S.K.: 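Below you will find the structure I want to go over with you.
Treat the numbers as computed from the prediction; the structure is a model and nothing was measured. Just so you know, residue 1 is the first one in the sequence shown, and it goes up from there.
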Amino acid sequence: MAEFLEEYRWEPPEKRAALLNEEPSATGDEHWDVFLAALAEHLAAKDGRGAPSWVETRSLRRFWFPFNTRAARVDAVVHAPAAFRRRGVYVSAQELNVA
């Protein structure tokens with residue numbers, strides 16, 4: 001995930017959309033499949049574009065915290081990007097930053 005985010009960040013904006021358009025293969029874990037959809041929507045929004053169509057059907061019925069410590073949960077509830085919150089994935093925007 002970190003490698004993809006780093007590579008995405010360095011691509012010219014006009015090429016980034018192509019990196020998100022194709023639906024990724026299922027991971028075998030619904031949580032991570034929904035995470036990928038939220039990430040694609042979040043990145044597209046940051047670039048001023050709409051989300052790829054494949055993300056629309058992915059969401060969780062119960063909230064999920066990928067980084068499940070007390071401090072991470074509090075931070076995620078307060079700072080989770082909208083694309084993640086609306087799908088039930090609570091991750092702080094800080095966790096999505098790459099060094």
S.K.: Less than 4.5 Å apart, any side-chain heavy atom of Glu7 and any of Leu19?
M.R.: no
S.K.: Once rounded to the nearest 0.5 Å, what's the spacing between atom CZ of Arg49 and atom CG of Leu20?
M.R.: 6.0 Å
S.K.: Quick one: are Thr27 and Phe35 in side-chain contact, heavy atoms under 4.5 Å?
M.R.: no
S.K.: Is there a path from Leu5 to Val34 through hydrophobic residues (I, L, V, M, F, W, Y) whose side chains come within less than 4.5 Å of each other?
M.R.: yes
S.K.: Determine whether the aromatic ring centres of residues Phe67 and Tyr90 are separated by less than 6.0 angstrom.
M.R.: no
S.K.: Decide side-chain contact (heavy atoms from CB on, under 4.5 Å) for Leu96 and Met1; before the verdict, give the C-alpha distance in whole Å, the side-chain angles of both, and the deciding distance to 0.1 Å.
M.R.: CA-CA 9 Å; Leu96 301 173; Met1 190 74 59; over 6 Å; no
S.K.: Please determine if Glu56 and Arg86 form a salt bridge, counting it only when a charged side-chain N lies under 4.0 Å from a carboxylate O.
M.R.: yes
S.K.: Same cluster or not: Val91 versus Trp64, using hydrophobic residues (I, L, V, M, F, W, Y) connected whenever any side-chain heavy atoms lie under 4.5 Å apart?
M.R.: yes
S.K.: Return yes when atom CZ of Phe63 has more than 12 non-hydrogen atoms of other residues, nucleotides or ligands closer than 6.0 Å, and no otherwise.
M.R.: no
S.K.: Before giving the answer on salt bridge (Lys or Arg N to Asp or Glu O under 4.0 Å), spell out for Glu30 and Arg58 the whole-Å C-alpha distance, their side-chain angles and the decisive distance to 0.1 Å.
M.R.: CA-CA 9 Å; Glu30 180 185 26; Arg58 295 187 185 191; over 6 Å; no
S.K.: Same cluster or not: are Leu36 and Trp32 linked, directly or through other Ile, Leu, Val, Met, Phe, Trp or Tyr residues, by side-chain heavy atoms under 4.5 angstrom apart?
M.R.: yes
S.K.: First locate atom CZ of Phe84, then atom OG of Ser92, and finally report the distance between them rounded to the nearest 0.5 Å.
M.R.: 10.5 Å
S.K.: How far does OG1 of Thr57 sit from CD of Glu23, to the nearest 0.5 angstrom?
M.R.: 6.5 Å
S.K.: Taking the side chain from Arg85 and the backbone from Ala80, do they hold a donor-acceptor pair closer than 3.5 Å?
M.R.: yes
S.K.: Distance check, rounded to the nearest 0.5 Å: Arg9 atom CZ versus Lys46 atom NZ?
M.R.: 9.5 Å
S.K.: Is there a side-chain contact between Arg87 and Leu60 (heavy atoms, below 4.5 Å)?
M.R.: no
S.K.: Taking the six-membered ring of Tyr8 as reference, does the cationic atom of Arg16 (NZ for Lys, CZ for Arg) lie under 6.0 Å from its centre and within 45° of its axis?
M.R.: yes
